**Student:** 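Attaching a single structure in structure tokens format; questions to follow.
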Amino acid sequence: MTQPVIFFSEKFDPHASALEWVLRKSDVPTIVSADIMNIYPRLSIEVDSSHQLLRAGKKHTKELDARSIWFRRPQRPNLVNGYEPDREFMEKQWSIFQKNIFDLSCKISPALWVNRPSSAAKAESKLVQLHAARELAIPFPETLVSNHSEDVASMIKSYGRVVHKVFHPHTWQTKKGDKCRSASVSILDEHSDLPDASIAMCPGIFQRYIVKSKDIRVTVIGKRMFAVAISRAVGDPHVDPREHMNDSDVIMDLIDLPLVWENRIKCLMNRLGLIFGCVDLVVDRSGRIYFLEVNQAGQFLFIEDRLKRVPLLRSMAALLISGRVDYELDVCRNLSLSDYDSSGEYQAASNYNFSKLPNVSYE
């Protein structure tokens, strides 16, 4: 049997659904699972002085049999009903067992991991990203990560305006359930209220505000890099363009990055150990470019939805099919997001997403 591509993701994640469809249309088998327990209900790892062996049930193998593994958004193993009152304990055991396996990812499987679990976990830290950027001399706005209101106030005094970001977007409803609130990105200035108790309880990321002319989203897929400029037809760019991708005044254009920035992003991805990632940059009114962050499990289909000629879905499929970062597009069928949108499977996945994941946000 041809080696499959494994997706560690919920089956109806929009990106996993689209990519699984392209791979199956290209006659490549896939396995989609939110956790490792559904792939290997019985699993042993034997380690001694001479060898390391993964054993799945009665089948013995030294590796996960896959050409590539997309470590998209794995979930904590979820046991079926009937294990109460010990379910929480057993799920914790499975969760730690799974982490042990993922920590040995490259030892257990020579498949291409997108991204390697240890690198993915490390890259989720914004401070790790900025530390790497500083070591590589990549420009980024002055940043404070804090829960101390006096330090936040001092930063506002120094720069006038400061962007406040949460570590992870969050939405909730009011107690009456009649309104939906969200926490993502906001601007603070000298008039902003900085309640010490609230800030102390909820740390945040504070960055010097850049008066920008446009945003740049760079999708890195193996050796290929796709840069798209995002601006508005009238007025200043949105503080957080991800929340306005469907607005009629948003303009997106495929651009060529300056060579120095291509090299900077390559070095940053290598330093973080990432094969895939979505890099956010901003450009100020003078044309200077600043690095903001890289999302190692970022979303990219919204770009191809607006710019049909950008082959992001096909590139990602080719990366997974070839199991190589220096892939060729012709290893998979010439299918696009528009082709997937026309399929019945897209409608089924969309219905699931809208009913199960109403507050999905771009990353």
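Both backbone and side-chain heavy atoms feed into the values below; hydrogens, waters and symmetry mates do not. What you are looking at is a predicted structure, and each value in this text was computed from that prediction instead of being measured.
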**Student:** May I have the step-by-step check of side-chain contact (heavy atoms from CB on, under 4.5 Å) for Trp94 and Asp35, ending in yes or no?
**Tutor:** CA-CA 10 Å; Trp94 257 107; Asp35 57 68; over 6 Å; no
**Student:** Which pairs pass ring pair (Phe, Tyr, Trp, His ring centres under 6.0 Å) with one or both residues in residues 257-277, sequence neighbours excluded?
**Tutor:**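 Every pair satisfying ring pair (Phe, Tyr, Trp, His ring centres under 6.0 Å) with a residue in residues 257-277: Phe276-Phe300.
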**Student:** Would a distance-only check, ignoring hydrogens and angles, find a side-chain to backbone donor-acceptor pair under 3.5 Å from Arg67 to Gln3?
**Tutor:**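 Side chain of Arg67 to backbone of Gln3, a donor-acceptor pair under 3.5 Å: yes, one is there.
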**Student:** Whether the side chain of Ser146 engages the backbone of His148 through a donor-acceptor N/O pair (distance < 3.5 Å, no angle test) should be reported.
**Tutor:**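 Between the backbone of His148 and the side chain of Ser146 there is a qualifying donor-acceptor contact (under 3.5 Å).
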**Student:** State plainly whether the residues Lys223 and Asp326 are in salt-bridge range, i.e. N to O under 4.0 Å.
**Tutor:**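 Result for this pair is no, no salt bridge flagged.
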**Student:** Taking atom CZ of Arg324 as the centre, does the number of heavy atoms from other residues, nucleotides or ligands within less than 6.0 Å exceed 12?
**Tutor:**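 No, the 6.0 Å shell around CZ holds no more than 12 heavy atoms from other groups.
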**Student:** Looking at residues at least two apart in the chain, or sitting in another chain, which of them share a side-chain contact (heavy atoms from CB on, under 4.5 Å) with Val32?
**Tutor:**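 Phe7, Lys11, Glu20.
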**Student:** Please check this pair: side chain of His15 against backbone of Gln299, looking for a donor-acceptor N/O pair closer than 3.5 Å.
**Tutor:**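 The answer is no, because no donor-acceptor pair under 3.5 Å joins these two groups.
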**Student:** Using distance only, find each side-chain donor-acceptor pair of residues 127-137 under 3.5 Å and give its atom names and separation, not counting sequence neighbours.
**Tutor:**
residue: Gln129; atom: OE1; partner: Val294; partner atom: N; Å: 2.8
residue: Gln129; atom: NE2; partner: Ala123; partner atom: O; Å: 2.7
residue: Gln129; atom: NE2; partner: Val294; partner atom: O; Å: 2.8
residue: His131; atom: ND1; partner: Arg134; partner atom: NH2; Å: 3.3
residue: His131; atom: NE2; partner: Glu135; partner atom: OE2; Å: 3.1
residue: Glu135; atom: OE1; partner: Arg271; partner atom: NH1; Å: 2.6

**Student:** Any chance you could lay out the side-chain contact (heavy atoms from CB on, under 4.5 Å) test for Lys92 and Arg76, step after step, and finish with the verdict?
**Tutor:** CA-CA 8 Å; Lys92 185 68 174 178; Arg76 175 177 174 171; 3.7 Å; yes
**Student:** Is there side-chain contact between Val279 and Met225, with at least one heavy-atom pair below 4.5 Å?
**Tutor:**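 No, their side chains stay 4.5 Å or more apart.
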**Student:** Got a second to check how far Lys212's NZ is from Leu292's CG, nearest 0.5 Å?
**Tutor:**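 One finds 7.5 Å between NZ of Lys212 and CG of Leu292.
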**Student:** Which atoms form the tightest heavy-atom contact between Asp13 and Ala16, and what is the distance?
**Tutor:**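 For Asp13 versus Ala16, the nearest heavy atoms are OD1-N, 2.9 Å.
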**Student:** Following the transitive rule for hydrophobic clusters with a side-chain heavy-atom cut-off under 4.5 Å over Ile, Leu, Val, Met, Phe, Trp and Tyr, establish whether Leu335 and Met316 coincide in one cluster.
**Tutor:**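 Yes: a chain of side-chain contacts under 4.5 Å links Leu335 to Met316.
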**Student:** Is the count of non-hydrogen atoms from other residues, nucleotides or ligands lying under 6.0 Å from Lys25 atom NZ greater than 12?
**Tutor:**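 Open.
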**Student:** Determine whether a donor-acceptor pair (N or O, by modelled atom type, separation under 3.5 Å) exists between the side chain of Asn334 and the backbone of Asp330.
**Tutor:**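 No; zero donor-acceptor contacts below 3.5 Å.
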**Student:** Between Lys308 and Asp305, is there a side-chain N and carboxylate O pair less than 4.0 Å apart?
**Tutor:**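 Result for this pair is yes, salt bridge flagged.
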**Student:** Take Val152 and Val162, measure what side-chain contact (heavy atoms from CB on, under 4.5 Å) needs, and give me the verdict at the end.
**Tutor:** CA-CA 9 Å; Val152 177; Val162 169; 5.7 Å; no
**Student:** Same cluster or not: are Val310 and Leu313 linked, directly or through other Ile, Leu, Val, Met, Phe, Trp or Tyr residues, by side-chain heavy atoms under 4.5 angstrom apart?
**Tutor:**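 Yes; Leu313 is reachable from Val310 via cluster members.
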**Student:** Using modelled atom types only, decide if a donor and an acceptor are shared between the side chain of Arg217 and the backbone of Val228 within a distance under 3.5 Å.
**Tutor:**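 Not confirmed, Arg217 side chain does not pair with Val228 backbone.
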**Student:** Sequence neighbours left out, what passes side-chain contact (heavy atoms from CB on, under 4.5 Å) with Ser336? Give chain and number order.
**Tutor:**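 Only Glu304, Ser338, Asp339 meet the side-chain contact (heavy atoms from CB on, under 4.5 Å) criterion with Ser336.
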**Student:** Would you say Gln75 has more than 12 foreign heavy atoms packed within less than 6.0 Å of its CD?
**Tutor:**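 For Gln75, atom CD is crowded (more than 12 foreign heavy atoms under 6.0 Å).
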**Student:** Sequence neighbours excluded, which residues qualify as side-chain contact (heavy atoms from CB on, under 4.5 Å) partners of Ser315?
**Tutor:**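 side-chain contact (heavy atoms from CB on, under 4.5 Å) list for Ser315, sorted by chain: Ile221, Arg224, Phe226, Pro311, Tyr327, Leu329.
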**Student:** Can you tell me if Glu142 has over 12 outside heavy atoms packed within less than 6.0 Å of its CD?
**Tutor:**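 It does: Glu142 CD has more than 12 such atoms within range.
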**Student:** Would the distance check show the side chain of Arg72 and the main-chain N or O of Ala297 forming a donor-acceptor pair, the cut-off being under 3.5 Å?
**Tutor:**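 At least one qualifying donor-acceptor pair exists.
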**Student:** Using side-chain contact (heavy atoms from CB on, under 4.5 Å), reason through Asp284 and Val211 one step at a time and then give a plain yes or no.
**Tutor:** CA-CA 6 Å; Asp284 70 12; Val211 181; 5.9 Å; no
**Student:** Please answer whether the main-chain N or O of Phe102 pairs with a side-chain N or O of Ser105 as donor and acceptor at a distance below 3.5 Å.
**Tutor:**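 Between the backbone of Phe102 and the side chain of Ser105 there is a qualifying donor-acceptor contact (under 3.5 Å).
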**Student:** If we only count heavy atoms from C-beta on, is the Gln296 to Glu124 side-chain gap below 4.5 Å?
**Tutor:**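 A side-chain contact under 4.5 Å exists here.
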**Student:** Could you check whether Arg208 makes a cation-pi contact with Tyr290, meaning its NZ or CZ is under 6.0 Å from the centre of the six-membered ring and within 45° of the ring axis?
**Tutor:**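 Yes, a cation-pi geometry.
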**Student:** Should Ile265 and Val220 count as side-chain neighbours, where that means a heavy-atom distance under 4.5 Å?
**Tutor:**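 With C-beta onward as the side chain, the pair touches.
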**Student:** Is the backbone N or O of Ile275 less than 3.5 Å from a side-chain atom of Asn115, with the two atoms forming a donor-acceptor pair by type?
**Tutor:**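 Between the backbone of Ile275 and the side chain of Asn115 there is a qualifying donor-acceptor contact (under 3.5 Å).
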**Student:** Would you confirm whether Ser213, through its side chain, and Val283, through its main-chain N or O, come within 3.5 Å as a donor-acceptor pair?
**Tutor:**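 At least one qualifying donor-acceptor pair exists.
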**Student:** Is the number of heavy atoms from other residues, nucleotides or ligands within 6.0 Å of CG (Asp256) greater than 12?
**Tutor:**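 No, CG of Asp256 has 12 or fewer neighbouring heavy atoms, counting only those of other groups under 6.0 Å.
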**Student:** Are Met155 and Leu194 connected in the hydrophobic side-chain network, where two residues link if heavy atoms are under 4.5 Å apart?
**Tutor:**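 Shared cluster, yes.
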**Student:** Under 4.5 Å between any side-chain heavy atoms of Phe167 and Val145, yes or no?
**Tutor:**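 Yes, side chains in contact.
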**Student:** I'd like to know if the side chain of Ser26 reaches the main chain of Arg333, judged simply by a donor and an acceptor atom lying under 3.5 Å from each other, with no hydrogens or angles considered.
**Tutor:**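 It does hold such a pair.
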**Student:** Using a 3.5 Å cut-off and no angle test, enumerate the donor-acceptor pairs between side-chain atoms of residues 195-207 and protein atoms at least two apart in sequence or in another chain.
**Tutor:**
residue: Asp196; atom: OD1; partner: Ser149; partner atom: OG; Å: 2.7
residue: Gln207; atom: OE1; partner: Lys165; partner atom: NZ; Å: 2.9
residue: Gln207; atom: NE2; partner: Thr143; partner atom: OG1; Å: 3.0

